[in-house]
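Predicted model only: the values in this text are computed from it and were never measured.
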Amino acid sequence: MHDTHSVVFNPSGIRASVAAGATVLDAARAGGVDLDSVCGGRGLCGRCQVSATEAGVLSDPGPTELRYRGRRPIAEGFRLGCQAVVLANAVVDVPPESQVHRPVVRKSIDLAEVVIHPVVTLHYVELPEVVLGFEAAELDLVAEALATDWGLIGLEFPVPVLAGLSPAIAAGDRSVTVVVHDRRTVLDVRPGYSDEAWGVAVDVGSTTIAGYLLELSSGEVAAASGRMNPQIRFGEDLMSRVSYVMMNPGGEVELTAAVRTAIDELVGELCGLAGADRSRVHDLVVVGNPIMHHLVLGLDPTPLGAAPFTLTTAAAVRGRATDIGIGLPNAALYIGPCIAGHVGADAAAATLAEGPHRTEKPMLVVDVGTNAEIVLGDGNRVLAASSPTGPAFEGAQISCGQRATPGAVERIRIDPDTWEPRFKVIGCELWSDEPGFAQELDRAGLQVSGLCGSGIIEVIAEMFLAGISDRHGVISSDQGRSPRIVADGRTFSYVLQTEPILLSITQNDVRAVQLAKAALRAGIDLLREHAGIDEVPDIRLAGAFGAHIDPVRAMVLGLVPDTPAGGVRAAGNASGVGAVRMLLSGEQRLEVERMVRSVIKIETATESRFQELFVAAMAFPHETDPTPHLAAVIDLPEAAAAGPEQGSRRRRRPRPAA
């Protein structure tokens, strides 16, 4: 019999030599192989499952393995690595499910290329009996077991944890599972063996708050939900909320209480959806724009309402969830870092998710909101800016605008010959010109009530494409062409619908969209100038609004620069995805903290070129920038396709219906 055996682990290729009688888990630890275990090799957790490539090299299953009834059933052909003794030289496969730093494969949100580097870890230990004359304290016994079994030294045991230590040891018959955060702080001590650990990631927007509940060991998204930010009652946009605080002493306390209560209720909803115990939620990650960031932390937001827009702190904030009033007694808190005074932790999270700092070619990430956050990576450096777009894209300041709720128009097409519109509304799959549209609305209890953000973008773009408005946004006065053109004082409006609710696009509506889109585009163009980039082949529209914008119509308006087909795409809630990445991986936290320190901040308010770029961006699609890529996929009015010096004739070719 050989005194040592060689074990080769797949897929890492690591080779380890172990003495006779050693288990596969022993070999993995000796070789530094990524093999998971919470129970410390006692056959309780089922996380160390492996398979040998040939028979006879591992011992037969023993009593512990045969009796195993844990949460993770032993898969056919697999063994518990902590119980399988190495009998001969062996090749052992370690599946992704048995790796600590496993890749995450999710369908609900995009976590491509994320590898779990757990911040919260669970460690099972068994303690010796205490007899009279035994002077060691329970804390000393737990600390010694953690050091011996898990190599955890110098852990901090906060007072709330100490209060539950002895009861947990007694209830677990001298065995406990210790929940450790970042290998430094004990969050909880549970009786006996336990492998349940949850985490919550929250993206706090000015309008909505989105949350995700994850199983921390697997990265599985167990629940996702969202709700309106109750701060809306203090002001529609961020600056109005800052104004509320300025005009009402103590107003920041009200705003903070409102958003914290909403987060706490959202956490409760998520736990309810997944059947998770709040006491088993051990990590909370929060991101948000700078003002939301400050209000969640209970910081005064008023310095962010005026130049020089100074943050109280830009660095990541660590603490306990209870520090911000969230009812998670055993959870750590991580609030992501901000980039600048108007480019917050939400933009940092979106950047982490989309990766303009990792790309080799130019990439633009735009979070469209009341204050657009813009990040541009050119392969060597990352630049960021914010642009004051205002609330027009969210339906405010538009005569028939509304939030994205059932009954709101979200898509529109206008016939270029008849100027007749057809549209789709949220909550109904049929277009307005399809048979059964009215009946479907009745069945759903809906009526066409207004235009949400994506509908506003599309109707202004379609009006320009059809010739109802010119490249400067002026609505046609040709009432003989269509009865939908109506006089409106000294200007004209375009009527979408007369009943049951009058919906019309006024000249002021067009101007509001022009001002908003020009502010956004000027910010983008300013970053392009600083980076020396003429064309950005990869543009990501982040946020709930960005997820519903038609990329082609966005280019028609000139919201974003001219880009090859397929170059503009929705990134969904990239901020939420970035928050989830931070929740699952300590490496991702380090990456985002390094990234924000390296970002070049461009302050649009102090840039002399911003006003020039803003004026040029008022035209559709743009006053001076050519749009050859756009002209290749959709018919543009002749002047826009040819350039500003040409005439205003239209080319007439059939356009796709949608």
Side-chain angles (χ1 to χ4, degrees), residues 207-208 228 232-233 235-237 370 390-416 418-466 468-469 473-479 481-517 544-545 548-550 553 557 657-658:
T207 303
T208 58
M228 298 299 291
I232 287 174
R233 67 178 182 267
E236 283 278 347
D237 56 62
T370 55
F393 292 147
E394 295 183 352
Q397 299 180 346
I398 304 298
S399 62
C400 57
Q402 69 165 79
R403 298 194 184 283
T405 56
V409 175
E410 61 176 343
R411 297 192 66 190
I412 298 176
R413 295 294 179 264
I414 298 176
D415 187 288
T418 65
W419 288 2
E420 284 298 302
R422 62 191 188 96
F423 49 79
K424 284 185 71 175
V425 301
I426 298 174
C428 179
E429 292 301 315
L430 299 177
W431 284 82
S432 60
D433 61 342
E434 291 184 288
F437 174 73
Q439 292 82 353
E440 185 65 26
L441 288 183
D442 289 340
R443 277 195 295 271
L446 300 176
Q447 66 175 3
V448 183
S449 52
L451 278 75
C452 65
S454 60
I456 292 165
I457 294 295
E458 292 206 2
V459 73
I460 302 299
E462 285 289 309
M463 287 171 64
F464 168 64
L465 290 172
I468 295 170
S469 65
V474 178
I475 296 177
S476 170
S477 61
D478 191 355
Q479 293 177 277
R481 173 80 178 270
S482 170
R484 293 187 179 274
I485 302 297
V486 298
D488 187 5
R490 303 172 110 183
T491 61
F492 293 84
S493 297
Y494 174 73
V495 177
L496 278 173
Q497 169 184 277
T498 57
E499 294 180 347
I501 298 174
L502 175 64
L503 301 181
S504 62
I505 304 301
T506 69
Q507 187 64 67
N508 285 338
D509 293 338
V510 178
R511 285 287 178 259
V513 171
Q514 283 182 282
L515 292 170
K517 80 98 177 181
F545 177 58
H548 295 93
I549 298 176
D550 181 311
R553 269 70 190 176
L557 284 193

Is there a side-chain contact between [X] and [Y] (heavy atoms, below 4.5 Å)?
| X | Y | answer |
| --- | --- | --- |
| Arg484 | Pro421 | yes |
| Ser482 | Thr418 | no |
| Arg481 | Ser476 | no |

Partner of Val459 by side chain to side chain contact (heavy atoms under 4.5 Å, CB included), out of Ile505, Ile468, Val510 =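 It is Ile505; the other options fail the test.
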Please name the residue in the list Leu503, Asp433, Val409 that meets the side chain to side chain contact (heavy atoms under 4.5 Å, CB included) test with Phe423.
-> Val409
How far apart are the closest heavy atoms of [X] and [Y], and which atoms are they?
| X | Y | result |
| --- | --- | --- |
| Ala466 | Ile414 | CB-CG2, 4.0 Å |
| Pro406 | Leu446 | CB-CD2, 3.5 Å |
| Ser504 | Cys400 | O-SG, 3.5 Å |
| Ala444 | Gly427 | CB-O, 4.4 Å |
| Met228 | Thr208 | SD-CG2, 4.0 Å |
| Leu441 | Cys428 | CD2-CB, 4.0 Å |

Okay, side chain of [X], backbone of [Y]: is any donor-acceptor separation there less than 3.5 Å?
| X | Y | value |
| --- | --- | --- |
| Tyr494 | Ser469 | no |
| Ser493 | Val486 | no |
| Glu458 | Glu462 | no |
| Gln507 | Gly473 | yes |
| Thr491 | Ile475 | no |

With sequence neighbours left out, write down each residue that passes side chain to side chain donor-acceptor pair (under 3.5 Å) with [X], or none if nothing qualifies.
| X | result |
| --- | --- |
| Arg443 | Glu440 |
| Thr506 | Asp509 |
| Gln514 | Arg511 |

Please lay out, stage by stage, how Ile456 and Val513 fare under the test side-chain contact (heavy atoms from CB on, under 4.5 Å).
-> CA-CA 8 Å; Ile456 292 165; Val513 171; 3.5 Å; yes
Determine, stepwise, if the pair Ile398 / Leu451 fulfils side-chain contact (heavy atoms from CB on, under 4.5 Å).
-> CA-CA 9 Å; Ile398 304 298; Leu451 278 75; 5.9 Å; no
Identify whether the distance between the nearest side-chain nitrogen and carboxylate oxygen of Arg422 and Glu434 falls below 4.0 Å.
->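 So Arg422 does not pair with Glu434 through a salt bridge.
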Indicate yes or no: does Asp550 engage Arg413 in a salt bridge with an N to O separation below 4.0 Å.
-> yes
Candidate pair Leu496 and Ile412, rule side-chain contact (heavy atoms from CB on, under 4.5 Å), full reasoning | CA-CA 10 Å; Leu496 278 173; Ile412 298 176; 4.1 Å; yes
Interatomic distance, [X] atom [atom1] to [Y] atom [atom2] [nearest 0.5 angstrom]:
| X | Y | atom1 | atom2 | value |
| --- | --- | --- | --- | --- |
| Gln402 | Cys452 | CD | SG | 7.0 Å |
| Ser477 | Ile485 | OG | CD1 | 8.5 Å |
| Arg490 | Asp488 | CZ | CG | 12.5 Å |

Apply the test side-chain contact (heavy atoms from CB on, under 4.5 Å) to residues Phe437 and Val448: give CA-CA distance (whole Å), side-chain angles for both, the deciding distance (0.1 Å), then the verdict.
-> CA-CA 11 Å; Phe437 174 73; Val448 183; 4.2 Å; yes
